[in-house]
Amino acid sequence: MVRTNIAAGSKYRLKQDLEIRDEKTGTLRAVLRKGTVVAVKRIEVDEDHAFLEGVGVPLRLDALSRMIVPA
């Protein structure tokens, strides 16, 4: 089970550029630039997924937690 300090409904600022790719195909879906403020819509700890507002593809929770700081 993944432990995280990310809370659903909170806003965070990206510490580096983030490429958002489809988990199954690897297709690039979006690029979020360093300094962008993102809002976490939903977290699925069992699946290791985080969903951001405006992004339709889930992100890996552990990877996202290393790339953000509270806004």
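- Linking ILVMFWY residues whenever their side-chain heavy atoms come closer than 4.5 Å, directly or via other members, places Tyr12 and Leu14 in the same cluster.
- Side-chain contact between Leu18 and Ile68: absent, with no pair of heavy atoms (C-beta onward) separated by less than 4.5 Å.
- Glu47 meets the salt bridge (charged side-chain N to carboxylate O under 4.0 Å, His left out) test with no other residue; sequence neighbours excluded.
- In this structure Gln16 satisfies the side-chain contact (heavy atoms from CB on, under 4.5 Å) test together with Met67, sequence neighbours excluded.
- In this view, Arg42 and Glu44 satisfy the side-chain hydrogen bond (donor to acceptor under 3.5 Å, both in side chains) rule, not counting sequence neighbours.
- Take Arg33 and apply the side-chain hydrogen bond (donor to acceptor under 3.5 Å, both in side chains) test, not counting sequence neighbours, and it matches Asp17.
- A pairwise comparison of heavy atoms in Ala50 and Leu64 identifies CB-CD2, 3.8 Å as the closest pair.
- Pairing each heavy atom of Ala8 with each of Ile43, the nearest pair is N-CD1, 3.7 Å.
- When the salt bridge (charged side-chain N to carboxylate O under 4.0 Å, His left out) test is applied to Arg60, the partners found at least two apart in sequence or on another chain are Asp48, Asp62.
- Residues passing the side-chain contact (heavy atoms from CB on, under 4.5 Å) test with Ala30, sequence neighbours excluded: Ile20.
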>> With side chain to side chain contact (heavy atoms under 4.5 Å, CB included) as the criterion, how do Val55 and Val38 come out once you've worked through the C-alpha distance, each side chain's angles and the decisive distance to 0.1 Å?
In response: CA-CA 10 Å; Val55 178; Val38 295; over 6 Å; no
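- Ser10 has its side chain out of reach of Val40: every pair of non-hydrogen atoms, C-beta onward, lies at least 4.5 Å apart.
- By the 6.0 Å contact criterion, NZ on Lys11 is open, its count of non-hydrogen atoms from other residues, nucleotides or ligands being 12 or less.
- As a member of the Ile/Leu/Val/Met/Phe/Trp/Tyr network built from side-chain separations under 4.5 Å, Leu28 groups with Val31.
- Contact annotation: the side chain of Arg13 approaches that of Val69 to within less than 4.5 Å [non-hydrogen atoms, C-beta and beyond].
- Placement of Val57 and Leu59 within a single hydrophobic cluster is found when ILVMFWY residues are connected by side-chain heavy-atom separations under 4.5 Å, directly or transitively.
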